[in-house]
Amino acid sequence: MATGTEPHLNSGGVRTGTRAAIAAPHLRTDRWWLAPAATAAGLLAFIVYSTWRAFADAHYYASPYVSPFYSPCLAERCEPMPGGPNWAIFGSWWGISPAIIILIFPLGFRLTCYYYRKAYYRGFWASPPACAVAEPHKKYTGETRFPLILQNIHRYFFYAAILVAGILTYDTVLAFRNEHHEWGHMGLGTVVFLVNIVLIWAYTVSCHSCRHIVGGRLKHFSKHPVRYRMWTWVGKLNARHMQLAWASLVSVALADFYVYLVASGAFDDPRFF
């Protein structure tokens, strides 16, 4: 039994007198730090890339492709996109990149996502560093105080994410045009957009909030067979939520980078027909 007299037990965090008297910081012999380190590196790479592209305010449209970081483009200063998601809701007074207007919604959805919370809590804050590794912080309040209490608005970001996914679906349909806005064409960019939108939808509907909305309040599944079937489908996707979170994060960055390459003239979009 712990007596509370051992020095290591009073060092803060979970090493207090109410815990088992184990002198070692942890008993793991594997490289437990690799997973949180890789997670932090991956998220940091995306943060750096998306910040650069969001504030670049250039090379985000190459007909018929529009970067998912800039769609819908809601500022008057947006590049003209015939038939595309270009609505001048924000007038000439908006002086910075139009990506800032829309990115708050998909990024807010991911920032408050249950999986991403676990990922960056462990990767950046070491809270906790890994399973069976002691919490290094002296206090733990969970998500009961500002600003982490704002994580509870995740379900509202889910509704916004559905709208954004719908617009990105529209962009994917437009990708079946050529540079002259003629229908019935397909390029490599079309494939990139198709893969991206499938992953975006899979990640979005695999969300825990979606699963709860579909069937979380049902008391009798037998009385709601359609919702129960939908709930089981979402549940199967939910089991792959982590993989879909990373796959869609990579795909949306690649879709944006592809548009950047084509728009900047560094790469010509190959046409299949």
Next on the checklist: Checking R229 now: which residues fulfil salt bridge (charged side-chain N to carboxylate O under 4.0 Å, His left out) with it, not counting sequence neighbours?
Outcome noted: none
Checklist entry - Under the criterion side chain to side chain contact (heavy atoms under 4.5 Å, CB included), which of C78, S97, P85 is the partner of Y70? => result S97
Checklist entry - With a distance cut-off below 6.0 Å to the six-membered ring centre and an angular limit of 45° from the axis, does R110 pair with Y203 as a cation-pi contact? => result yes
Next on the checklist: Any donor-acceptor pair under 3.5 Å linking the side-chain atoms of N86 with those of Y61?
Outcome noted: no
Checklist entry - Who else is in the cluster with Y228 when I, L, V, M, F, W and Y are joined by side-chain contacts under 4.5 Å? => result V214, L218, F221, V226, M230, W231, V234
Checklist entry - For Y260, which of W52, Y65, Y60, Y49 qualifies under ring-ring contact (aromatic ring centres under 6.0 Å, His included)? => result W52
Next on the checklist: Under a 3.5 Å threshold, yes or no: a donor from one side chain and an acceptor from the other, between Y258 and D269?
Outcome noted: yes
Checklist entry - Is the ring centre of H208 less than 6.0 Å from the ring centre of Y114? => result yes
Next on the checklist: I need the single residue from S50, S67, S71 that forms a side chain to side chain donor-acceptor pair (under 3.5 Å) with D256. Which is it?
Outcome noted: S67
Item to check | Ring centers of H185, F273 separated by less than 6.0 Å | outcome: no
Checklist outcome for this item: Here the gap from S209 atom OG to I153 atom CD1, rounded to the nearest 0.5 Å, amounts to 11.0 Å
Checklist entry - Would you say T190's side chain and A175's backbone share a donor-acceptor pair under 3.5 angstrom? => result yes
Item to check | Student check: side-chain heavy atoms of Y121 and E143 closer than 4.5 Å | outcome: yes
Next on the checklist: Strictly distance-based, threshold 3.5 Å: is any side-chain N or O of R77 a donor or acceptor partner for the main-chain N or O of I96?
Outcome noted: yes
Next on the checklist: Has R53 got a side-chain atom pairing as donor or acceptor with A58's backbone, closer than 3.5 angstrom?
Outcome noted: yes
